[in-house]
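Below: the structure, in structure tokens.
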There are 4 protein chains.
Amino acid sequence: MNVYLHKNAMHTKTEKQRQIIEAAIELIAEKSIQQLTIKNLAKKLGVTDGALYRHFNSKIDILLGILHMFQAEARENLEQVKKSRLPALQQFEDIFLYRLKYFTQRPAVAAVIFSESIFQNDVRLTRAVNEFLTMHEDTLRIIIERGIRKGEIRKGILIDETIYITIGSMRYLVTRWRLKGRDFDLYEKGVQLLGNLKELLKC
Amino acid sequence: MNVYLHKNAMHTKTEKQRQIIEAAIELIAEKSIQQLTIKNLAKKLGVTDGALYRHFNSKIDILLGILHMFQAEARENLEQVKKSRLPALQQFEDIFLYRLKYFTQRPAVAAVIFSESIFQNDVRLTRAVNEFLTMHEDTLRIIIERGIRKGEIRKGILIDETIYITIGSMRYLVTRWRLKGRDFDLYEKGVQLLGNLKELLKC
Amino acid sequence: MNVYLHKNAMHTKTEKQRQIIEAAIELIAEKSIQQLTIKNLAKKLGVTDGALYRHFNSKIDILLGILHMFQAEARENLEQVKKSRLPALQQFEDIFLYRLKYFTQRPAVAAVIFSESIFQNDVRLTRAVNEFLTMHEDTLRIIIERGIRKGEIRKGILIDETIYITIGSMRYLVTRWRLKGRDFDLYEKGVQLLGNLKELLKC
Amino acid sequence: MNVYLHKNAMHTKTEKQRQIIEAAIELIAEKSIQQLTIKNLAKKLGVTDGALYRHFNSKIDILLGILHMFQAEARENLEQVKKSRLPALQQFEDIFLYRLKYFTQRPAVAAVIFSESIFQNDVRLTRAVNEFLTMHEDTLRIIIERGIRKGEIRKGILIDETIYITIGSMRYLVTRWRLKGRDFDLYEKGVQLLGNLKELLKC
DNA sequence: GATGAATGAGGGTTCATTCAT
DNA sequence: GATGAATGAACCCTCATTCAT
């Protein structure tokens, strides 16, 4: 396989690329996204700095790799839930609890998704985060619309605002969890929060 | 005024310190928080790097200066609203709309407040952000409790979760606004969002 | 008094100059000679950096001031001993024990005298240290010569070498004392060392 | 060879590390230890500052590298002399003259060994100098004890004090040589001094 | 006499990236 | 594919010194 092809291809990662991304995620989880340097990453992988550049054109591409991985994984979950045809509020719950469980198991994911301020310098990174969020918003929009039509969600609610409320409250929960050093059970608190949200949204 | 005093005093900033903080805020607004370097800041002020160290002990202290300024300003607003004795939902609106107006006028404030991922390396910065958030949560808690007692807010709502919902949705609105390059009117959207929130919360 | 005169005059120090030198000595004793910066010194004196330059033309002049003070003080002791007409070996003891007592009381003096490596960059400082040492050597030479003539010190000893032996061993004692964090009684050990030296030198 | 290993290994230096240490020693000899800056050192080696950090973690580690080199070299000499089974006073001479010859050839060594006042800020450096001195003291102690037992050195002499006298006088000789700009023949004077010392110590 | 502000040169260090081998 | 070495730009910070007020 041509070396210059696979470095640019979006969704076909080589085994080595996957390893690097995996190591990067671990590094972020153990230390912080600020500690994700080429040097540290190479050390963790047991290779030299230069070696990484055989597999990625730049550090930004590694970060994009992480984001794409998350995105692919989230997309799959969203699609599945959409197809499930369960009641709207149940779908809600499925999406958010899945996400929280994922964050609990892999805190690095949260660290990356919540690093907009660090990504601000690069268009591609900003765009990737944007796409990630938009993807969730779009799915929620479909679910909410359907829920309203089916009488599962109270009328008189503006859809876009409801999206902000749900995503926003979940994000803030995660933010607090991270700032407080993960000293409470994210999933458990999420269940409570979702209960409240559902209470507010239902007819 | 003694030179060694003003560097440590928390809330008594010299004129020069205020100028530096102001320039830092502008710099963040124009470029990004990543571009807030001592060199850039000094250049913006038309002085040399070293000059800044007459007024602040470190770059972190400058960032703390910014945060403390916001905090002082926010605290004042929160206190005023608390004392106002308006209906709970009105107080809600006052707090959030004030905040959004502020962000609109000074986008740098949002940039700083939302930079947790950058601050993560420093305890003092993390603590300052934490205090800022906690301060808002505490005020909201008081308002919500009072609102429930007075029958202005629907019963059966968990207070903590309501706090997460309100703060979270406002934060997400700002996050979206920032990621989309401030291409919509934050205040206007905020009014809509608040309308929805109030609808959900009222009896 | 003309401001430009007193700054250059060698041995007539103003009260303020004496205060500054005193503070510098204290600073060295408390911290280390590396911590003797204009800023630290000014802070200790409760004035601003610039103020010091009213009294000394440069930091080097302050260091020279310290050295001159020591020199004057040592000269007085040496003269007194020389005049005392006590037996040579007794004079020996007087000089060295006086010095050790002085070092014990004012560790900063030792810190300065033993800072040749730091002074190496400046001719005047090197010269001052040189003069300090030469002064001691000259006095010892006179005492030893007299001691040999009077039959108090064994013949067949080369005078210069004896000087090196005595000064050197005392200096090394002080060096060890300093490197070991002053964890033994310098004076007491000095008495022992001198006993041995006298034993070696006497007829 | 792994890049992360060799930076921490104590006594196995890479070729490049040796080159850097060598350049540092030359720099100190030509200028002074105060001129040993990362920038000057890199310039001398014809590389950029950062390049040095591939080979040493910090400037202090470079200094430690120098000290360890000296220490290894001195240890070898001391061991050899100890094993030689020559008369005690001869062993004395061997040690000190070897040292002086070394200093004559490499004045930088003296500059570093006599830089305690500069090292005072760092524990590791202080410790290294301490070890260097202690190593010499320990060897001398063994030699002197043996000399006394064999009747080569006069009885009634306190061993520790004799150590101070010998090391101290040699050090002072070197100090004088350095302060006087190396304007006399260190080795020649050392022979004289040792002659005197031996005269004083022998039975 | 002292202050407050600034300078300018330099300090050690980090980091993404490149490239010959 | 990987290594080892280097680059160059940037980073935060320190310090002796100057000077208008």
Side-chain angles (χ1 to χ4, degrees), chain A residues 3 14 16 34-42 45-62, chain B residues 1-4 6-7 14-17 19-20 34-42 45-62, chain C residues 1 3 14 16 34-42 45-63, chain D residues 1-4 6-7 14-17 19-20 34-42 45-62:
Chain A
V3 121
T14 64
K16 206 81 205 177
Q34 306 253 51
Q35 294 298 308
L36 178 66
T37 65
I38 293 292
K39 203 183 213 157
N40 285 348
L41 187 51
L45 283 157
V47 296
T48 41
D49 309 21
L52 297 186
Y53 286 86
R54 282 267 146 200
H55 305 286
F56 287 98
N57 284 320
S58 72
K59 183 182 168 179
I60 298 226
D61 285 295
I62 298 178
Chain B
M1 187 195 250
N2 189 310
V3 102
Y4 300 106
H6 78 248
K7 285 216 280 185
T14 63
E15 180 53 27
K16 203 79 207 178
Q17 282 179 319
Q19 278 173 29
I20 292 171
Q34 306 250 53
Q35 294 298 308
L36 177 67
T37 66
I38 292 292
K39 238 172 201 119
N40 284 347
L41 187 51
L45 284 157
V47 296
T48 49
D49 306 21
L52 299 184
Y53 287 88
R54 273 262 138 209
H55 306 285
F56 287 97
N57 284 322
S58 71
K59 182 184 166 178
I60 298 227
D61 285 293
I62 298 180
Chain C
M1 189 199 248
V3 121
T14 64
K16 206 82 206 177
Q34 306 252 54
Q35 294 297 310
L36 178 66
T37 63
I38 293 291
K39 204 182 212 159
N40 285 346
L41 187 51
L45 283 156
V47 297
T48 42
D49 310 19
L52 298 185
Y53 286 86
R54 282 269 144 199
H55 306 286
F56 287 97
N57 283 321
S58 71
K59 182 182 167 178
I60 297 226
D61 286 295
I62 298 179
L63 283 167
Chain D
M1 187 195 246
N2 188 311
V3 102
Y4 299 105
H6 79 248
K7 284 215 281 186
T14 63
E15 180 54 28
K16 204 78 208 178
Q17 283 179 319
Q19 279 174 28
I20 292 172
Q34 305 252 54
Q35 294 299 309
L36 178 66
T37 65
I38 292 292
K39 247 165 197 129
N40 285 346
L41 187 51
L45 284 157
V47 296
T48 47
D49 306 20
L52 298 184
Y53 287 87
R54 274 259 140 210
H55 306 285
F56 288 97
N57 284 321
S58 71
K59 182 184 167 179
I60 298 231
D61 285 293
I62 298 179

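Order of the sequence lines fixes the chain letters, A, B, ..., with proteins taken first and strands second; residue numbering starts at 1 for each chain.
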Protein-nucleotide distance (Leu41(A), atom CG; dA16(E), atom P), rounded to Å: 10 Å

Integer-rounded Å distance: dA9(E) P and Gln34(D) CD: 20 Å

Ile60(C) CD1 - dT17(F) C1' separation (whole Å): 13 Å

Gap in Å between the two P atoms, one belonging to dT21(F) and one to dG1(E), rounded: 22 Å

Presence of Lys59(A) side-chain N/O under 4.0 Å of dA16(E) phosphate oxygens OP1/OP2: yes

Considering all heavy atoms, the nearest Thr37(D)-Lys59(D) contact: CA-NZ, 4.4 Å

Whole-Å gap separating P (dG11(E)) and CD (Gln35(D)): 8 Å

Between protein and nucleic acid, restricted to nucleotides 6-8 of chain F and to nitrogen or oxygen atoms under 3.5 Å apart, what atom pairs and distances do you find?
from   : atom 1 : to       : atom 2 : distance (Å)
dA6(F) : OP1    : Lys16(D) : NZ     : 3.0
dA6(F) : OP2    : His55(D) : NE2    : 3.1
dT7(F) : OP2    : Thr48(D) : N      : 2.5
dT7(F) : OP2    : Thr48(D) : OG1    : 2.8

Separation of dT18(F) P from Phe56(C) CZ (nearest whole Å): 16 Å

Value in whole Å for how far the C1' atom of dC15(E) lies from CG of Asn40(A): 10 Å

Length of the CG-C1' vector between Leu36(C) and dA16(F), whole Å: 12 Å

Base-paired stems in DNA chain F, each at least three Watson-Crick or G-U pairs under 3.5 Å: E:2-21 with F:2-21

Whole-Å distance separating the OH atom of Tyr53(C) from the C1' atom of dT3(E): 15 Å

Atom pair OG1/NZ of Thr48(A) and Lys39(A) - distance to nearest 0.5 Å: 12.0 Å

Donor-acceptor pair, side chain of Asp61(B) and main chain of Phe56(B), under 3.5 angstrom: no

Sugar-phosphate, base or nothing in reach of Ile38(B), heavy atoms under 4.0 Å: sugar-phosphate

Whether Asp49(C) side chain and Ile38(C) backbone form a donor-acceptor pair below 3.5 Å: no

Approximate separation, where rounding is to 0.5 Å, of Leu41(D) CG and Gln35(D) CD: 12.5 Å

Approximate separation, where rounding is to 0.5 Å, of Lys16(A) NZ and Leu52(A) CG: 9.5 Å

Nucleotide nearest Thr37(A) (side chain, heavy atoms from C-beta), chosen from dT17(F), dA16(E), dT14(E): dA16(E)

Distance in Å, Leu45(D) CG paired with Asn40(D) CG, rounded so as to fall on 0.5 Å steps: 11.0 Å

